[in-house]
Trainee: 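Let me begin by handing over the structure; questions about it come next.
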Amino acid sequence: MREYWFARRFPVGDPRRAMAPVHWKGYLVAGIFVAALLIGALAFAWMGARGQIVQGAVAFIIAAAVGMVWFIGVAERTCDKTRTVAEYQKERARA
């Protein structure tokens with residue numbers, strides 16, 4: 001059986017395609033994405049304090065873009081497109 005890290009937030013047929021983590025590895029991926037944003041924000045603040053606001057903005061944009069592409073790529077490869085988060089929660093409650 002395949003191990004899924006993310007699942008649909010809304011049932012099949014709903015036009016929204018939002019995913020949410022359902023496995024500790026999914027939460028880790030989300031945490032790494034947040035860390036990439038924080039690193040970009042720190043670079044922006046540090047460079048901005050030194051008068052290099054444009055370079056800081058570019059550093060933040062690059063960190064955010066790399067984190068976003070990686071996060072979305074991992075989520076798409078490891079998501080369950082048929083079951084919802086609620087179904088995973090019910091399954092865990094039964095166990």
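Source: prediction; values computed, not measured. Residue numbers start at 1 and run along the sequence shown.
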Trainee: Assess R83 against Y88: is NZ or CZ under 6.0 Å from the centre of the six-membered ring, and within 45 degrees of the ring's axis?
Mentor: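 Yes.
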Trainee: Check F10 against A18 and note the closest heavy-atom contact, atom names and distance.
Mentor: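 Heavy atoms of F10 and A18 come nearest at CE1-CB, 3.8 Å.
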Trainee: Between R92 and V22, is any pair of side-chain heavy atoms under 4.5 Å apart?
Mentor: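 Side-chain contact under 4.5 Å: yes.
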Trainee: For the residue pair A43 and A59, what are the closest heavy atoms and their distance?
Mentor: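 For A43 and A59, the tightest heavy-atom pair comes out as CB-CB, 4.0 Å.
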Trainee: Taking atom CE of M47 and atom CD1 of I53, what is their separation to the nearest 0.5 Å?
Mentor: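 Between M47 CE and I53 CD1, I get 11.0 Å after rounding to 0.5 Å.
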Trainee: When clusters are formed by joining ILVMFWY residues with side-chain heavy atoms under 4.5 Å apart, either directly or through shared neighbours, do V69 and V29 land in the same one?
Mentor: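 The answer is yes; both residues are in one hydrophobic cluster.
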Trainee: Do R77 side-chain atoms and G73 backbone N/O form a donor-acceptor pair below 3.5 Å?
Mentor: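 Yes, because the side chain of R77 sits within donor-acceptor range (under 3.5 Å) of the backbone of G73.
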Trainee: What pair of heavy atoms forms the shortest contact from G67 to A36, and how long is it?
Mentor: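 Distance-wise, the nearest heavy atoms are CA-CB, 4.2 Å.
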Trainee: If hydrophobic clusters are built from ILVMFWY residues whose side chains come within less than 4.5 Å, do W24 and M19 share one?
Mentor: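 In one cluster: yes.
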Trainee: How long is the gap from CH2 on W5 to NZ on K25, to the nearest 0.5 Å?
Mentor: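 Taking CH2 in W5 and NZ in K25, the distance rounds to 5.5 Å.
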Trainee: Once rounded to the nearest 0.5 Å, what's the spacing between atom CD of Q55 and atom CH2 of W46?
Mentor: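 So the gap between those two atoms works out to 10.5 Å.
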Trainee: With hydrophobic residues grouped by side-chain heavy-atom distances under 4.5 Å, do M68 and L37 end up in a single group?
Mentor: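 Yes; tracing contacts between hydrophobic side chains, which count when under 4.5 Å, links both residues.
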Trainee: Enumerate the ring pair (Phe, Tyr, Trp, His ring centres under 6.0 Å) contacts for residues 54-75, please, sequence neighbours excluded, ordered by first and then second residue.
Mentor: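 Qualifying pairs: F6-F71, F33-F71.
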Trainee: Let me check something: do V58 and V66 share a hydrophobic cluster, defined by ILVMFWY side-chain heavy atoms less than 4.5 Å apart, either directly or through other members?
Mentor: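 Both belong to a single hydrophobic cluster.
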Trainee: Determine whether L28 and I39 fall in the same hydrophobic cluster, where Ile, Leu, Val, Met, Phe, Trp and Tyr are linked whenever their side-chain heavy atoms lie under 4.5 Å apart.
Mentor: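 Different clusters.
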Trainee: My understanding is that only residues two or more places apart in sequence, or in another chain, count here; which of them pass salt bridge (Lys or Arg N to Asp or Glu O under 4.0 Å) with R17?
Mentor: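 Checked R17 against salt bridge (Lys or Arg N to Asp or Glu O under 4.0 Å); matches are E76.
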Trainee: For R9 and R16, run side-chain contact (heavy atoms from CB on, under 4.5 Å): C-alpha distance rounded to whole Å, both residues' side-chain angles, the deciding distance at 0.1 Å, then the answer.
Mentor: CA-CA 8 Å; R9 287 189 58 219; R16 297 172 287 186; over 6 Å; no
Trainee: So which atom in V85 and which in A20 form the shortest heavy-atom distance, rounded to 0.1 Å?
Mentor: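 Between these two residues, the closest heavy atoms are CG2-CB, 3.7 Å.
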Trainee: Give me the atom names and distance for the closest heavy-atom approach of T78 to R2.
Mentor: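 For T78 versus R2, the nearest heavy atoms are CA-NH2, 3.8 Å.
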Trainee: Can you tell me how far the CG atom of D14 sits from the CZ atom of R8, to the nearest 0.5 Å?
Mentor: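 Those atoms lie 7.0 Å apart.
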